[in-house]
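Here is the structure we will look at.
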Amino acid sequence: MTFPDDFLWGAATASYQIEGAAAEDGRTPSIWDTFSHTPGRVLDGDTGDVATDHYHRWREDVAAMAELGLKAYRFSVSWSRVLPEGRLNPLGIGFYSRLVDALLEHGIAPVVTLYHWDLPQELEDAGGWPRRDTAYRFAEYAARVGQALGDRVHTWTTLNEPWCSAFLGYASGVHAPGRTEPVAALTAAHHLNLAHGLANRALRDVVAPSARHSVTLNLHHLRGEPEAVRKVDAVANRIFLGPMLGGGYPADLLDDTAALTDWSFVRDGDEKTAAAPLDMLGVNYYNPTRVRRWDGASPRETDDGHRDGAATPFVGCEDVEFPRQPGPYTAMGWPIDATGLTEMLLRLHRDHPGVPLVVTENGAAFDDEVDRDGRVHDDRRVAYLRDHIAAVRAAMDAGADVRGYFAWSLLDNFEWAYGYSKRFGLIHVDYPTGRRTWKDSARWYRDLIAAGGAPAGTP
């Protein structure tokens with residue numbers, strides 16, 4: 001299981017999940033600050049106020065990345081930190097500038113995500129992603145960050161998982177801002193598509209010509225009854241793949257949601273703007289999803305992996321249910337099945353030839369503990385990573401153009417509505433002290449990177 005010499009081995013994080021320093025150096029609240037401080041929204045009342053304190057411990061974390069041998073580090077920028085209330089914050093952008101410089105000093109390529117779900121609260125107060133103006137504000141923000149960092153960043157990613165932003169945030173309400181408005185969710189999805197295109201254009205005007213441009217999608221790999229698969233695929237996958245890759249909104253999506261909206265929020269030229277040129281498409285994969293038509297009488301199964309909310313996040317699919325799949329499972333209750341990653345990469349290769357792919361997130365949560373000897377033996381995570389990296393290699397052998405793999409996550413962190421109860425990291429974090437401890441999976445991943453594929457002793 002060998003990979004090309006220029007294959008991009010990395011790890012990923014997100015700003016609100018690791019940085020902390022929520023009210024320091026001019027940072028203003030994001031929707032996740034508001035959401036996590038609202039009673040009942042996050043497990044155990046946890047917030048990202050401190051998280052893993054990466055804002056203060058970033059030098060230690062970069063040193064760990066260098067010791068791991070990472071070729072790239074994917075991180076997100078906090079919009080509220082660098083552009084509070086629309087004004088450039090020198091302290092906020094200075095933090096990311098120092099981080100980028102440190103990465104480059106260690107030979108680690110910076111892969112910057114501009115938006116990983118933490119919309120400034122003042123923009124949500126003005127209407128949030130269902131408001132068209134938010135897309136233009138995002139393009140302005142992208143340009144400001146691009147001007148500050150653009151000569152040093154390897155890859156720019158406009159959005160991370162816009163499906164979650166739109167449908168978990170505005171349809172089911174299990175993510176910030178916690179709204180349950182299906183039409184608002186569809187409108188938000190369109191404005192995220194528009195924002196991606198506008199930001200891509202703005203970045204290309206200000207960053208180095210050598211920079212790569214991308215977007216990251218959490219595509220649902222669907223299995224089950226054909227009609228149920230079609231309906232969910234439209235609102236889970238093709239609602240973004242269509243506009244972003246030049247095909248526009250699929251007709252069946254418009255038909256499935258016609259009782260809710262006439263899609264008049266899509267203006268002439270919007271789909272062309274959304275279809276900005278991409279140098280690579282980021283793919284986040286954790287598990288497959290099974291679907292079937294619901295009979296309307298029996299209790300509806302909702303094991304879609306996204307936590308039950310007041311409403312389904314799959315707008316227009318109220319007649320579809322999500323049955324529980326066979327195990328084994330991660331601590332999130334997600335089934336472990338690496339074959340879905342191969343199949344998803346090959347689908348993209350087939351449907352969108354010529355678009356290079358990168359696996360921008362892949363990993364698993366388990367109930368990790370530090371033993372008496374100060375070690376974290378996470379054999380199940382090692383097996384998960386081994387099998388999924390082998391699945392990437394299988395897709396490449398079948399013709400898929402995959403350029404890199406990023407493990408999720410570098411560190412245990414604030415896991416959104418699950419608070420600190422789920423651990424995805426290669427590195428264990430003791431939250432009261434911030435102490436970092438390498439798990440066995442970190443050592444395994446270090447050896448894999450050094451070997452350019454499977455490390456010695458891997459089955």
Side-chain angles (χ1 to χ4, degrees), residues 13-17 19 21-22 24-34 48 55 74-100 110-153 155-162 164-166 169 176-177 188-208 211-216 244 270 273-274 276 278 282:
T13 64
S15 54
Y16 189 73
Q17 292 184 274
E19 285 180 4
E24 291 187 36
D25 293 342
R27 182 185 180 278
T28 54
S30 75
I31 55 175
W32 269 97
D33 294 279
T34 302
Y55 189 77
R74 177 176 177 254
F75 64 95
S76 75
V77 173
S78 166
W79 191 344
S80 297
R81 193 179 297 284
V82 303
L83 213 67
E85 299 176 347
R87 299 186 299 272
L88 186 68
N89 175 17
L91 295 176
I93 198 65
F95 166 72
Y96 296 107
S97 184
R98 292 188 296 275
L99 175 62
V100 165
V111 177
V112 173
T113 300
L114 287 168
Y115 188 72
H116 198 130
W117 307 352
D118 47 355
L119 185 71
Q121 183 60 45
E122 68 265 18
L123 292 180
E124 174 59 28
D125 292 342
W129 284 112
R131 183 170 182 251
R132 186 179 179 89
D133 186 65
T134 304
Y136 294 96
R137 301 290 78 75
F138 180 69
E140 293 170 0
Y141 155 66
R144 301 298 291 274
V145 178
Q147 288 166 344
L149 306 179
D151 60 334
R152 292 168 284 162
V153 169
T155 299
W156 290 94
T157 302
T158 52
L159 306 171
N160 176 79
E161 300 187 347
C164 294
S165 298
H190 173 62
H191 292 155
L192 285 156
N193 280 324
L194 180 63
H196 159 71
L198 292 169
N200 184 298
R201 181 183 302 170
L203 284 168
R204 289 180 183 274
D205 287 342
V206 299
V207 304
R212 298 155 181 85
H213 297 267
S214 70
V215 66
T216 283
M244 288 183 178
D270 283 0
T273 298
L278 291 175

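We're numbering straight along the sequence, starting at 1.
- Using a 4.5 Å cut-off on side-chain heavy atoms (C-beta onward), Arg132 and Asp270 make contact.
- Between the side chain of Asp205 and the backbone N or O of Ala202 there is no donor-acceptor pair closer than 3.5 Å.
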Is there a side-chain hydrogen bond (donor to acceptor under 3.5 Å, both in side chains) between Asn89 and Arg27 once you walk through the steps? CA-CA 8 Å; Asn89 175 17; Arg27 182 185 180 278; over 6 Å; no
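- Across all non-hydrogen atoms, the minimal contact from Pro110 to Val153 is O-CG1, 3.6 Å.
- Note on ring orientation: taking the six-membered ring where Trp is involved, the planes of Phe95 and Tyr55 are tilted (angle from 30° to 60°).
- Atoms OG1 and CG, from Thr273 and Leu198 in turn, are 6.0 Å apart once rounded to the nearest 0.5 Å.
- Partner of Tyr115 under the side-chain contact (heavy atoms from CB on, under 4.5 Å) criterion, out of Ser15, Pro162, Ser165: Ser165 alone.
- Pairing each heavy atom of Gly86 with each of Glu122, the nearest pair is N-OE2, 4.3 Å.
- Salt-bridge annotation for Asp118 and Arg81: absent, with no side-chain N of the basic residue lying under 4.0 Å from a carboxylate O of the acidic one.
- Closest non-hydrogen pair, Ala142 versus Ala199, comes out as CB-CB, 3.8 Å.
- Here the closest heavy-atom approach between residue Ala276 and residue Gly197 is recorded as CB-CA, 4.0 Å.
- For the atom pair CH2 (Trp117) and CG (Leu159), the distance works out to 12.5 Å, reported to the nearest 0.5 Å.
- Side-chain atoms of Ser30 and Ser80 form no donor-acceptor pair, as typed in the model, at a separation below 3.5 Å.
- Remark: side-chain polar atoms of His191 are paired, donor with acceptor, to backbone N or O of Trp129 under 3.5 angstrom.
- Between the CG atom of Leu192 and the NE2 atom of His196 there is a distance of 11.0 Å, given to the nearest 0.5 Å.
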After noting the C-alpha distance and the side-chain angles of Arg74 and Thr13, does the key distance pass the side-chain contact (heavy atoms from CB on, under 4.5 Å) rule? CA-CA 6 Å; Arg74 177 176 177 254; Thr13 64; over 6 Å; no
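- Side chains of Thr157 and Thr216: a donor-acceptor N/O pair is absent below 3.5 angstrom, by distance only.
- At least one donor-acceptor pair under 3.5 Å links the side chain of Tyr96 to the backbone N or O of Ser78.
- A distance of 8.0 Å separates CG of Leu123 from CG of Asp133, quoted to the nearest 0.5 Å.
- Considering only heavy atoms from C-beta on, Val111 stays 4.5 Å or farther from Phe75 through its side chain.
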Begin with the C-alpha distance, continue with both residues' side-chain angles, and end with the deciding distance and a verdict on side-chain contact (heavy atoms from CB on, under 4.5 Å) for Gln121 and Asp125. CA-CA 6 Å; Gln121 183 60 45; Asp125 292 342; 2.8 Å; yes
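- Atom OG of Ser214 sits about 11.0 Å away from atom CH2 of Trp156, to the nearest 0.5 Å.
- Rounded to the nearest 0.5 angstrom, Thr134 OG1 and Leu119 CG are separated by 6.0 Å.
- For the pair Ala126 and Arg131, the tightest heavy-atom approach, listed with the atom from each and the gap, is O-CD, 2.8 Å.
- Residue Glu19 comes nearest to Ser76 through the heavy atom pair OE2-O, 4.0 Å, listed as atom of the first residue, atom of the second, then distance.
- Between Tyr141 and Trp79, the two ring planes are parallel [angle under 30°; tilted spans 30° to 60°].
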Carefully, step by step, assess Leu278 and Val215 under the rule side-chain contact (heavy atoms from CB on, under 4.5 Å). CA-CA 8 Å; Leu278 291 175; Val215 66; 4.0 Å; yes
Criterion side-chain contact (heavy atoms from CB on, under 4.5 Å) on Leu114 and Leu203, from CA distance to verdict: CA-CA 11 Å; Leu114 287 168; Leu203 284 168; 3.9 Å; yes
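- When atom types are taken as modelled, the side chain of Tyr16 and the backbone of Gly48 share a donor-acceptor pair closer than 3.5 angstrom.
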